[in-house]
Participant: 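Below is one structure. I have some questions about it.
Letters go in sequence order (proteins before strands), and every chain restarts at 1.
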Amino acid sequence: MTEFLQQIINGISLGSVYALISIGYTMVYGIIKLINFAHCDIFMVGAYTGYFAITTLRLGFIPALFFSMAVCALLGVVIERVAYKPLRNSAKETLLITTIGVELFLQNIIKTKALAGPNVLNFPEVIPTATFKIGGLQFSNIQLITLGISVIMCAALQFLISKTNTGRAMRATSYDRDAAALMGININRIISVTFAIGSALAATGGIVFGMLYPKLEPIMGVMPGLKAFVAAVLGGIGIVPGAMVGGLSIGLIETLSKVYISSGLSDAIAFIILIIILLVKPTGLFGKRNVKV
Amino acid sequence: MSLLSVKNLTIRFGGLLAVNDFNLEIGEQELYGLIGPNGAGKTTVFNMLTGVYTPTGGSITFDGERIDGIKPYNITAKHIARTFQNIRLFGNLTVLQNVMMGYDYQAKSGLFSSIIRTPKQIKEEEKMHEDAMKLLTIFHMEDLAEEKAKNLPYGQQRRLEIARALAANPKLLLLDEPAAGMNPQETAELTELIRWIRDEFKISILLIEHDMKLVMNVCEKITVLSFGQLLAAGKPEEIRNNPRVIEAYLGKRGA
Amino acid sequence: MKETYKKYIKVVIGLIVAYAVFQILFQTGMINSYYNRIIRQIGIFLISALGLNLILGFTGQFTLGHAAFMSIGAYTSAILTRNFGVPFLLALIAAAFTAAVLAIIIGYPILRLTGDYLAICTLGFGEIVKVFIQNVDYLGGARGISGIENKSGFTVIFVLAALCFAIIMNLIHHSSKGRAILSVKEDEIAAQAMGINTTKYKIIAFAIGCGMAGLAGGLFAHFSQFIDPKSFDFSKSFELMTYVVLGGMGSLSGTVIGTSILIALPEWLRGLSDVVKEYRMLIYAIMLVSMMLFRPQGIMGTKEITVAGLKNFFGKIKRIFRSSSTSVNKGKEA
Amino acid sequence: MLRVENIDVYYGMIHAIRGLSLEVNEGEIVTLIGANGAGKTSTLRAISGLNPIKNGEIFYENAKVDSLDAHKLVGKGVSQVPEGRRIFGDQTVEENLLLGAYLRKDKTEAKKTMEEVFKRFPRILERRKQMAGTLSGGEQQMLAIGRALMAKPKLLLLDEPSMGLAPIIVEEIFDIIKEIREQGTTILLVEQNANLALQLADRGYVLETGSIVLSGNANDLLNNEAVQKAYLG
Amino acid sequence: SSSKSSSDGGKEESAEIVIGGVFPLTGDIPGIGSAMENGAKLAVADINAAGGVLGKTLKLISEDDQNQASVAPNAISKLIDQDKVAGVVGTYASSCSIPMATIAKERGIPMISIASTNEKVTQEGGGYVFRACFIDPLQGKVGAQFALQKLSAAKAAMLYDKSQDYCVGIADKFKTNFNEGGGEVVFDETYNRGDSDFKALLTKIAGLNVDVLYLPDNYSTVGLIAKQARELGITCAILGSDSWSDPGLVTVGGSAVEGCYFTDHVSFETDNPKVKEFAEKYKSQFGSEPSGFSVLSYEAVLLMANAIEKAGSTDSSAIVDALKATDMEGLASNYKFDSDNNPIKSVVINQVKDGKFVFAEEIQPE
Ligand SMILES: Nc1ncnc2c1ncn2[C@@H]1O[C@H](COP(=O)(O)OP(=O)(O)OP(=O)(O)O)[C@@H](O)[C@H]1O
Ligand SMILES: Nc1ncnc2c1ncn2[C@@H]1O[C@H](COP(=O)(O)OP(=O)(O)OP(=O)(O)O)[C@@H](O)[C@H]1O
Ligand SMILES: [Mg+2]
Ligand SMILES: [Mg+2]
């Protein structure tokens with residue numbers, strides 16, 4: 001029983017990492033209908049930036065976090081302006097390929113000698129790990145911080161999107177750009193803001209990830225990114241609370257199936273569950289379907 | 001016997017009762033109008049007739065057969081065709097291809113003969129091509145055959161949609177606001193076209209329209225729908241003078 | 001009808017000429033084994049990409065699991081030839097067939113999904129296939145299968161690629177079934193209103209496309225002589241999609257061009273200076289993005305290379321250079 | 001107030017607007033009528049900055065505005081009800097209205113305007129929390145007008161507001177247009193329904209294949225034989 | 001169609017002898033790729049400094065295989081058909097070396113795999129393919145022996161990447177040998193490529209009280225696993241394989257890998273002056289620590305050069321014959337090939353001490 005509860009804690013901890021990445025994913029998707037595969041590489045850049053902020057610039061945790069968020073926000077905006085904006089009216093497959101191109105670019109540029117080099121780096125221990133034990137159950141302060149950050153980010157983002165003027169403008173831009181412009185919305189700015197926020201979130205994810213799993217390498221974003229993408233879809237793409245729930249679910253499913261069903265098949269099990277859920281709810285757990293003929 | 005018989009048709013969207021206990025009878029080769037205020041549920045009725053929505057209650061009988069609840073593509077095979085309120089052409093296909101789409105479900109050639117192109121398949125394809133061109137000629141659109149549908153002006157798109165629906169060989173044609181966005185001159189032409197279609201193809205037409213001139217000119221019978229409910233039914237003159245219709249829909253000047 | 005057949009004869013003659021030219025170049029050593037290898041690789045992935053174009057470009061179904069069907073074909077044919085001594089061509093047919101059947105089985109439930117939801121399901125299917133192979137010892141697990149016979153020569157690849165090209169061309173551009181498939185991409189609701197069972201056509205296109213992937217997988221197994229599950233993961237599916245999108249979704253000749261460029265490009269970059277070599281994948285990424293920015297609709301858009309189009313093109317070049325140029329018929333028709 | 005001089009608009013190779021000029025004075029209702037594809041919508045989109053113009057100039061309140069981004073013009077008091085309504089289908093009716101007041105700083109004033117809009121369109125009030133995408137065509141048109149009014153525009157551009165509406169609503173909408181003008185908003189009205197439009201307007205322009213072929217006093221146009229034949233049926 | 005070696009005729013005139021190198025320079029393990037390439041470069045430099053091969057300068061052309069099975073054959077094909085190399089060294093992953101081996105066989109060009117431990121590599125090479133490293137069965141066996149005898153382990157747990165041929169191969173051999181040797185593998189579970197969180201399975205292991213935890217995977221992943229294991233209170237010995245052999249192990253694993261053992265090809269903390277000199281040169285030239293793979297790569301080039309010298313020409317069958325007859329002193333070990341073209345050489349066991357890989361044991365194959 002204790003072990004089961006411990007596994008639940010493990011699952012939630014893993015899931016909150018997925019959720020954190022997933023939230024940013026889903027937000028960018030929700031606003032510009034773009035599966036931004038480069039998101040997980042901005043996540044990677046976020047982790048590396050955090051690394052340099054802490055080791056080279058000798059910043060503390062919070063300043064390093066903000067530094068990394070700022071760098072990634074800027075990076076996100078630049079990527080959007082250079083690589084995505086000219087393709088706004090193109091087929092979404094075209095954009096998808098471009099995001100994959102950007103992804104390859106980021107992965108390959110980070111490992112050049114001028115930047116991080118090809119070797120793995122170790123994310124420094126900015127916050128000393130403290131482990132708590134309660135009745136045989138064990139968890140660390142970093143795990144708590146991760147969960148806390150993802151819940152707060154999720155709530156803040158959801159509030160921003162659903163309740164504020166900027167959020168409405170984001171949704172309007174996503175729905176119909178010309179009509180949004182006729183409302184006086186500066187759509188280029190809104191899209192930039194969206195990317196800035198999404199990328200800053202990715203940076204947060206990167207740093208938290210680095211603290212939990214202190215290993216930095218150029219492809220570090222790929223697998224968590226894929227899982228986060230799955231989480232976003234599971235929750236209903238574009239829906240922030242959905243991404244949160246999706247992330248936690250994937251974390252739990254992965255952990256429990258690994259331990260109690262088969263470690264070799266756990267990824268397959270996670271996907272099978274995803275497919276089944278989508279067959280029952282074709283637009284994800286929280287997705288809505290609007291067909292008007 | 002009537003061609004289409006709708007009894008107690010009802011549909012609910014969550015809490016909203018969009019159409020409630022609606023009845024409609026359309027005879028062979030009849031020109032029938034369905035009017036009513038915005039949001040009354042007219043398009044929703046079309047969607048139920050064509051299987052896009054499944055009714056929550058009531059029955060639809062067409063040509064002596066229950067058709068409620070069956071798939072849209074099967075309903076087409078039972079010879080009901082429609083146009084859409086917001087034009088839904090295959091924008092990236094040519095005008096000709098759009099019309100040929102109407103014949104496609106009637107094609108005999110299988111997948112395999114399509115891939116290897118048997119003589120029979122080639123002949124069938126050529127025949128369809130011919131028929132489609134004929135239909136386009138009738139609509140004075142033969143010159144536009146190779147144009148992409150999305151590049152046509154609005155009015156032409158509406159006409160193309162009607163042509164495409166006719167290619168599907170309907171006994172009942174449903175037109176959802178065919179005159180929307182047309183000027184009086186074009187509307188007058190459309191009036192003629194609708195009558196001509198009925199006579200030439202010997203089919204019934206059910207028409208949703210807000211242009212009263214068109215409706216009153218063309219339709220032999222009219223049903224008025226308001227808030228999902230049947231408000232009145234009858235000949236154009238009866239409807240025009242029905243005070244409830246005037247109050248709910250026509251307005252003082254409109255009458 | 002006569003015209004149709006006349007056109008076909010022309011195309012066949014064009015293909016034979018093209019084949020002969022290649023063979024001469026191989027035999028005389030003007031194309032060395034390395035280039036021969038790259039050309040065969042292009043041919044194999046072209047077959048898969050053509051199938052993907054049918055699904056993605058013509059039917060508008062967003063799939064990210066195409067490589068998985070290649071792996072199904074690859075394993076089927078490898079096991080058949082290696083463990084059961086089945087003749088190569090028969091094994092290829094079995095590879096295509098198995099992939100197609102599996103496509104129908106999984107396509108039936110999941111093709112009801114749309115857009116990105118379909119994408120993630122197909123991606124998930126791909127991962128499931130990969131994990132499955134990893135866990136089955138008979139299939140070699142993660143260690144893969146080696147010692148597969150080298151059978152995928154230029155001739156068989158050339159013939160099969162031409163065949164797949166022709167199948168899609170005939171289907172899409174000259175038949176009711178093809179229009180039905182196209183209409184699914186354009187507007188499903190309108191297509192249903194035209195009496196088209198959209199689910200059925202989605203499944204048909206999916207099965208044909210995945211069958212081609214299976215065929216390509218079978219060829220790949222007997223080309224690489226070694227297969228492992230990693231080689232067919234989702235990044236390979238993305239790669240295939242890149243070929244299709246760069247060439248132009250809905251253009252078969254575009255797929256030929258896209259596949260050729262994107263397989264040749266990283267190889268070409270090998271041949272350059274050491275500096276280029278060091279940044280090879282970085283340059284590849286930049287070029288990929290630039291190409292998409294430069295031609296968002298793909299190199300060919302939805303157009304095909306036609307004899308008339310080529311004549312026109314060469315005519316223009318002629319006019320520019322004002323000199324007589326020998327016009328080579330590439331022999332692809334529209 | 002608004003002066004369009006000699007503009008050209010292209011869509012790729014298509015020359016949609018050819019040297020068009022028109023003028024709208026403060027307080028006027030001016031109507032632009034013409035057949036399908038004549039270029040009415042293209043003109044409005046050019047004015048509001050959604051379509052770039054090739055040649056010519058556009059002045060609004062004596063300032064050159066033809067190179068401004070679309071959203072900037074809204075800040076200067078020009079609102080548009082676009083053709084085909086273009087409401088934000090995945091937001092509620094209320095949110096759509098709030099978006100109409102996107103640039104307004106005074107939230108309490110905006111609230112007031114919303115009350116007025118609801119008073120004018122009670123149907124919309126009923127559906128305040130409903131997703132706009134599930135409204136019927138007519139309801140959506142009302143919402144689109146209401147949304148434009150939320151910006152308290154000085155100049156309102158209306159693109160076929162009667163399209164797809166029940167006769168009684170068309171009446172209502174034309175009454176509203178009149179009222180809006182009476183409250184001091186200048187209106188440029190694009191219509192297929194030339195009859196109604198000309199009855200309402202002070203002046204009118206007739207557009208054919210991208211150029212103005214006729215213009216003048218609304219009454220004169222109503223009685224013009226050519227106009228009657230082509231546009232009044 | 002197989003063509004005969006083409007490096008004759010005009011080649012004799014040229015002042016260079018060209019060999020090819022294939023390394024995973026991009027892809028998921030660029031760190032290992034560059035460690036390998038650097039080792040090969042140093043070998044070429046040393047050989048040329050000592051007068052080259054057959055009196056000519058040795059030249060290395062490196063190609064990238066992206067650590068992908070579908071790319072690697074293109075890389076070797078380019079080297080053979082385009083650059084007309086006399087022989088090829090490379091690469092890291094067995095899944096890349098195997099399809100490369102079939103091409104080497106087809107074209108009749110000698111190839112020395114640097115670090116691919118799957119037995120198949122040389123089997124598919126039809127006599128043309130050799131390797132510089134030991135093979136999986138040996139490594140798994142030695143690991144098991146060491147655990148049983150030196151660590152006195154009775155219960156073992158294994159945790160490895162199910163998707164990596166390398167991990168699966170070794171784990172399998174370890175299990176067989178450990179069980180046969182009287183121990184019991186009580187936990188045999190896997191994770192997937194790219195996983196970073198291993199707590200679920202480690203929690204399970206923590207409850208089993210095993211004596212040794214066997215982790216045959218790349219150094220970077222292993223560093224994370226060890227860390228999480230220690231956090232969960234797993235204090236038993238941890239044992240690994242040659243893919244631990246990179247300074248990155250300590251970078252990531254930190255104090256968690258302290259005291260762990262792993263099977264390796266070489267130990268840098270020995271009295272062997274050659275190895276010491278190599279490490280010095282490497283550091284001064286490339287600014288980073290060499291790994292076991294740098295040494296293997298160096299030795300592979302040495303083997304190839306040695307064979308060409310012995311063969312007296314770049315004729316491929318002569319080189320192959322010379323390779324078969326190899327008796328050469330490498331950096332760390334003596335090279336002789338068995339009938340399967342695998343080197344008969346000892347396995348080193350290293351231990352992590354104060355962040356350094358310290359020699360613990362050398363086990364000779366019987
Ligand atoms: N899918 C749906 N979900 C929720 N409500 C819907 C849906 N489809 C239609 N409705 C509602 O049903 C009612 C009837 O809509 P319908 O489109 O049938 O009206 P209509 O009579 O065609 O109006 P108009 O003349 O304006 O087109 C409307 O109030 C609409 O909001
Ligand atoms: N996005 C576009 N791309 C290409 N051509 C276009 C585009 N929009 C409009 N056109 C063309 O420009 C011309 C003018 O179109 P516009 O929409 O301005 O006409 P309109 O007078 O508003 O017609 P309607 O009464 O149908 O609304 C037409 O020939 C139309 O086909
Ligand atoms: Mg309607
Ligand atoms: Mg218009």
Participant: Got E/Lys204 and A/Glu3 here, is their nearest side-chain heavy-atom distance under 4.5 Å?
Facilitator: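 Yes; the side chains approach each other to less than 4.5 Å.
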Participant: Looking at side-chain heavy atoms only, is the closest gap between E/Ser196 and A/Leu14 below 4.5 Å?
Facilitator: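 E/Ser196 vs A/Leu14: side chains apart.
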Participant: Check whether A/Ser266 gets within reach of chain E through its side chain, its backbone, both or neither, counting any heavy atom under 4.5 Å.
Facilitator: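 Contact with chain E: side chain only.
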Participant: Check E/Leu159, E/Asp188, E/Thr190, E/Asn192 against A/Ser263 for a side-chain contact (heavy atoms from CB on, under 4.5 Å) and give me the one that passes.
Facilitator: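 Only one of E/Leu159, E/Asp188, E/Thr190, E/Asn192 forms a side-chain contact (heavy atoms from CB on, under 4.5 Å) with A/Ser263, namely E/Thr190.
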Participant: What part of A/Lys113 lies closer than 4.5 angstrom to a heavy atom of chain E: side chain, backbone, both or neither?
Facilitator: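 Contact with chain E involves no heavy atom of A/Lys113 at all.
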Participant: Compute whether any side-chain donor of one residue and acceptor of the other, for A/Asn108 and E/Thr26, lie under 3.5 angstrom apart.
Facilitator: no
Participant: Does E/Glu231 offer a backbone N or O that forms a donor-acceptor pair with the side chain of A/Gln138 under 3.5 Å?
Facilitator: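 Side chain of A/Gln138 to backbone of E/Glu231, a donor-acceptor pair under 3.5 Å: yes, one is there.
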Participant: Side-chain contact test, heavy atoms from C-beta onward, threshold under 4.5 Å: evaluate it for E/Lys227 versus A/Asn122 and give yes or no.
Facilitator: yes
Participant: Measure across A/Thr255 and E/Ala200 and return the closest heavy-atom pair with its distance rounded to 0.1 Å.
Facilitator: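 The answer is CG2-CB, 3.5 Å.
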Participant: I want to check something: taking the side chain as every heavy atom from C-beta on, are A/Tyr213 and E/Gln228 in contact at a cut-off of under 4.5 Å?
Facilitator: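 A side-chain contact under 4.5 Å exists here.
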Participant: Can you tell which of E/Gly194, E/Gly31, E/Ser34, E/Ser220 has the highest number of heavy-atom pairs within less than 4.5 Å of chain A?
Facilitator: E/Ser220
Participant: What are the two closest heavy atoms between E/Gly27 and A/Ile219, and how far apart are they?
Facilitator: O-CG2, 4.4 Å
Participant: Would A/Lys111 and E/Leu25 count as a side chain to side chain contact (heavy atoms under 4.5 Å, CB included) if you check the C-alpha gap in whole Å, the side-chain angles of each, and the deciding distance to 0.1 Å?
Facilitator: CA-CA 10 Å; A/Lys111 69 182 162 213; E/Leu25 297 171; over 6 Å; no
Participant: Heavy-atom cut-off 4.5 Å, strictly under: side chain, backbone, both or neither for A/Phe209 against chain E?
Facilitator: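 Contact with chain E involves the side chain of A/Phe209 alone.
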Participant: Quick one: pull up CG in E/Asp197 and CG in A/Asn10 and give me the separation to the nearest 0.5 Å.
Facilitator: 6.5 Å
Participant: Does any backbone or side-chain atom of A/Gln107 lie under 4.5 Å from a heavy atom of chain E? Answer side chain, backbone, both or neither.
Facilitator: neither
Participant: What part of E/Ser163 gets within 4.5 angstrom of chain A, counting heavy atoms only: side chain, backbone, both, or neither?
Facilitator: neither
Participant: About how many Å separate NZ of E/Lys162 and CG of A/Leu265, when rounded to the nearest 0.5 Å?
Facilitator: 8.0 Å
Participant: Is it the backbone or the side chain of A/Leu121 that comes under 4.5 Å from a heavy atom of chain E, or both, or neither?
Facilitator: backbone
Participant: Does any non-hydrogen side-chain atom of E/Ile29 lie less than 4.5 Å from one of A/Glu217?
Facilitator: no
Participant: Side chain, backbone, both or neither: which part of A/Gln143 has an atom under 4.5 Å from a heavy atom of chain E?
Facilitator: side chain
Participant: Between A/Lys258 and E/Asp195, is there a side-chain N and carboxylate O pair less than 4.0 Å apart?
Facilitator: yes
Participant: Contact part of A/Val120 toward chain E, heavy-atom cut-off under 4.5 Å: side chain, backbone, both or neither?
Facilitator: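 A/Val120 touches chain E through backbone and side-chain heavy atoms alike.
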